[in-house]
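Both backbone and side-chain heavy atoms feed into the values below; hydrogens, waters and symmetry mates do not. Chain naming here is simple, since letters A, B, ... match the order of the sequence lines and numbering starts at 1 in each.
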There are 2 protein chains.
Amino acid sequence: MKRKITLKDIAKELDVSISTVSKALKNSREIGKETTDKVQAFAKLYNYRPNNIALSLKNKHTKNIGVIIPDIVHYFFTTVFSGIENYANSKGYNVIICVSNESFDKEVINMEMLTNGSVDGFIMSLSAETQQKKDFNHLIEVQNQGIPLVLFDRVTDDVSCDKVILDDKKISIDVIQKFYDSRKRKIAIVTNQGFFSVSDKRAEGYREGLLKNNIFVDTALELKLNYKNIDENAIRHFFQNNEVDAVFCVNEIFAISCMKIVQSLGMKVPEQISFIGFTDGLLSRFSNPSLSIVAQHGDKMGEMAAKMLIDKIEAEFEDDEVATFRTEIIQATILERESTIN
Amino acid sequence: MKRKITLKDIAKELDVSISTVSKALKNSREIGKETTDKVQAFAKLYNYRPNNIALSLKNKHTKNIGVIIPDIVHYFFTTVFSGIENYANSKGYNVIICVSNESFDKEVINMEMLTNGSVDGFIMSLSAETQQKKDFNHLIEVQNQGIPLVLFDRVTDDVSCDKVILDDKKISIDVIQKFYDSRKRKIAIVTNQGFFSVSDKRAEGYREGLLKNNIFVDTALELKLNYKNIDENAIRHFFQNNEVDAVFCVNEIFAISCMKIVQSLGMKVPEQISFIGFTDGLLSRFSNPSLSIVAQHGDKMGEMAAKMLIDKIEAEFEDDEVATFRTEIIQATILERESTIN
DNA sequence: GAAAAAAACGAAAACGGTTTCGTGTTAATA
DNA sequence: TATTAACACGAAACCGTTTTCGTTTTTTTC
């Protein structure tokens, strides 16, 4: 097992100083051609690579970015992450990922773990619990330490930082409009119970979309489900007791679950009842009928988040003016498949 | 923006030496009670945290582990990763993740990126291209540098290291047996074209399972699909031209795709034709009928891999005896849902 | 041929910790 | 009271780099 070779090793072996080796390796004009060649040849032979940790310590940056997401076994987050990883890698950054499991405590523990110099910045999406508690001190703290932060998707107005979000409300209005245009009038929404900023925005859009078309907003047509434990009886009950011809779901699991039950109740999708969900995952692509959805373009979101973060990181050492924050909006699109009619 | 406070800052402020501060913070008996209290109070007040990078440099380990997987937008890998992350975190390790995108080049680039001191060890699953090329020099190289490596799922006999795999072959035999026991005799397999070690093992099990029950192995009943571009016509053609009453698929996407087409061809699942797939993902749970599958228990796999790696890492500084490698086998289980009969 | 400039290299500080090994005080012991 | 042990602390090395600032030697220039 050959140990990693260091500058010191090379220096000793070639009988020059460490600084000479370092400079020779970077083709400094300070060092003579002969020495440079000798050093480089030796370094190549022994496959010398500078130690990253030492570089980090010296340069005060790690070229690591921390990503904290609520869940990894989750299509949307996974696509966002993919976008982040891609962009980050292309810029020479590695990404350290922590999952909060929707828990506030794990979120702060994870942040603290990474705040001690391990990363140059954070990209994160708030856990359910954090959104519920509305306690953002860990985010503020991190920012105070000069570590840039960008929030995506599940964001909050209570902390000022860069953000990248979907136009959840607008696209939801569009969804309702599409339903309306295909002569649907009894439009239901299936959303999360609890405290998801995005679900709320989608519900807002739903209501506004109805109003815009002079449809009475009937709260009886709003079904709230628990994302980690879907109550099929509640769904069945809902559809048995409400006359509905279109359903807007805030995620694909809700949509598929409802669609399956509705079909088992003997209704035809999309002829009698149309469905549109969120998230362009496998489920919607392979369901029967395949589900029309609003595509969130997670990869673009991730890419954008990574770009914003890295821009901030690399601008950091410029000046100490007050930072200025942007929030970028990713355009969602409706992808029509078999669960809707025109 | 208050900068991070260092030992030096505390020392200067309290007019003691850096070493005193360091020791006081660790409750060294070398330091007097008064000084210790004073230092700790100050440190707490200013929320001092030791700089991780400095520690890494000093201690020659980073408490980071590198995970390289072929794809992140992928249920199975995501569950494995979840297991890794969980265990690693509980042991105070962070995990840096890189995705190879099934590309050999990206795999070696990623490894090289992390080999320069950024991680204490690797957990990985081989990319498709790597399995095809059978070039494992980057793995050997990493091991030569004394960095422990554990391979999971997509492994190779060509490099000796710790491994954790599924009993792919055995469980496949079990699947065939289950088909046989429910009076199925015309059993097909839908597998990957190409070079996936796991798919091959499953196909082996399929054949052995047939043989065991004295069923003729008919290669006409082996359908090979491209995982990134599923040819629906090939599937249709296959099922129109072969009489089949049970299908074993090496992943859930193949299973769902086939099931959908078979149903559109007017066959009843599971009465006329049964399906069993691999991967306990959303697709199989929410398909119609829901798909019976062999559960790979990715989380357990990840946990095991992480445990093996961390054990190796922390044993590292013991002795220089020849390392001894284990390969752990995770027990797969068949999960019956609606796509099979008894 | 002497002064100035250029070339080639090394010493040392710095990044932020830990740790070993002094060293000066005070307290205990003979 | 002299000697030793215990106590409380500091200096310095070390981890592996980079970089500034000498210093020495050689080359130019006048």
Side-chain angles (χ1 to χ4, degrees), chain A residues 3-40 42-43 46-64 115-120 145-147 316-317, chain B residues 3-40 42-43 46-64 115-120 145-147 316-317:
Chain A
R3 263 208 345 90
K4 275 247 109 183
I5 192 176
T6 71
L7 286 189
K8 194 197 273 190
D9 299 330
I10 303 183
K12 200 182 304 171
E13 203 67 27
L14 261 36
D15 208 43
V16 291
S17 78
I18 293 180
S19 21
T20 299
V21 177
S22 175
K23 290 169 190 166
L25 255 14
K26 329 185 94 65
N27 286 309
S28 162
R29 292 183 293 105
E30 256 181 281
I31 306 299
K33 175 146 180 22
E34 251 181 89
T35 314
T36 299
D37 288 350
K38 187 175 60 175
V39 168
Q40 293 191 352
F42 190 89
Y46 286 92
N47 194 31
Y48 168 79
R49 309 274 153 188
N51 179 308
N52 238 312
I53 300 294
L55 285 182
S56 294
L57 183 59
K58 186 87 182 100
N59 301 332
K60 313 273 251 156
H61 64 240
T62 61
K63 287 265 182 178
N64 286 155
T115 309
N116 314 128
S118 297
V119 299
D120 296 341
Q145 297 192 10
I147 304 177
E316 201 66 17
F317 32 82
Chain B
R3 263 205 351 85
K4 275 246 109 183
I5 192 176
T6 71
L7 285 189
K8 193 198 275 191
D9 299 330
I10 303 184
K12 199 183 304 170
E13 203 68 28
L14 262 35
D15 209 42
V16 292
S17 78
I18 292 181
S19 22
T20 299
V21 176
S22 175
K23 289 170 191 165
L25 254 16
K26 326 186 97 63
N27 286 308
S28 162
R29 292 183 294 104
E30 254 182 281
I31 306 299
K33 176 147 181 17
E34 253 180 87
T35 315
T36 299
D37 288 350
K38 186 174 64 175
V39 168
Q40 292 193 351
F42 191 90
Y46 284 92
N47 193 31
Y48 168 79
R49 308 274 153 189
N51 180 310
N52 238 311
I53 300 295
L55 285 181
S56 293
L57 184 56
K58 182 79 180 129
N59 301 332
K60 314 273 247 152
H61 63 241
T62 60
K63 286 263 179 180
N64 286 156
T115 310
N116 313 128
S118 295
V119 299
D120 297 339
Q145 295 190 12
I147 303 177
E316 201 67 19
F317 32 83

Starting at [atom1] of [X] and ending at [atom2] of [N], how long is that distance when rounded to a whole Å?
X       : N      : atom1 : atom2 : result
B:His61 : D:dC14 : NE2   : C1'   : 16 Å
A:Lys8  : D:dG16 : NZ    : C1'   : 9 Å
A:Ile5  : D:dC15 : CD1   : P     : 15 Å
B:Glu34 : D:dC7  : CD    : P     : 16 Å
A:Arg49 : D:dT17 : CZ    : P     : 12 Å
A:Lys12 : D:dC14 : NZ    : P     : 11 Å
B:Leu14 : D:dC9  : CG    : P     : 11 Å
A:Tyr46 : D:dG16 : OH    : P     : 18 Å

Q. If you take all heavy atoms of B:Ile5 and B:Tyr46, which pair is closest and at what distance?
A. CD1-CB, 3.5 Å
Scan [X] against the nucleic acid and name what it touches under 4.0 Å (heavy atoms): base, sugar-phosphate only, or nothing.
X       : answer
A:Leu55 : sugar-phosphate
B:Thr35 : sugar-phosphate
B:Lys60 : sugar-phosphate

(Q) Does anything in residues 16-26 of chain A come within less than 4.0 Å of DNA chain C? Heavy atoms only, and list the residues if so. (A) A:Val16, A:Ser17, A:Ser19, A:Thr20, A:Lys23
Rounded to the nearest 0.5 Å, what's the gap from [atom1] on [X] to [atom2] on [Y]? Could you check?
X       : Y        : atom1 : atom2 : result
B:Ile53 : A:Leu55  : CD1   : CG    : 10.5 Å
B:Arg49 : A:Gln145 : CZ    : CD    : 9.0 Å
A:Ser56 : A:His61  : OG    : NE2   : 7.0 Å

Q. Do A:Val16 and A:Ile10 touch side chain to side chain, with heavy atoms closer than 4.5 Å?
A.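 In short, these two side chains do not touch, never coming nearer than 4.5 Å.
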**Q.** Side-chain heavy-atom pair A:Phe42, A:Asp9 within 4.5 angstrom cut-off
**A.** no
Q. Does the B:Asp120 side chain pair with the main chain of B:Thr62, one donor and one acceptor, at a distance under 3.5 Å?
A. yes
Q.
A:Val21 and side chain to side chain contact (heavy atoms under 4.5 Å, CB included): which single residue from A:Leu14, A:Thr36, A:Leu7 fits?
A. A:Leu7
Q) Under 3.5 Å, is there a donor-acceptor pair linking the side chains of A:Ser19 and A:Ser22? A)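 No, because no side-chain N or O of A:Ser19 sits under 3.5 Å from a partner of the opposite role on A:Ser22.
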Q) Between B:Ile31 and A:Asn59, who's closer to the 5' end of DNA chain D by nearest nucleotide? A)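 It is B:Ile31 whose nearest nucleotide is closer to the 5' end.
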Q. First contact, last contact: which nucleotides of DNA chain C are these for chain A, 5' to 3', heavy-atom distance under 4.0 Å?
A.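 Nucleotide range in contact with chain A: C:dA8 to C:dG16.
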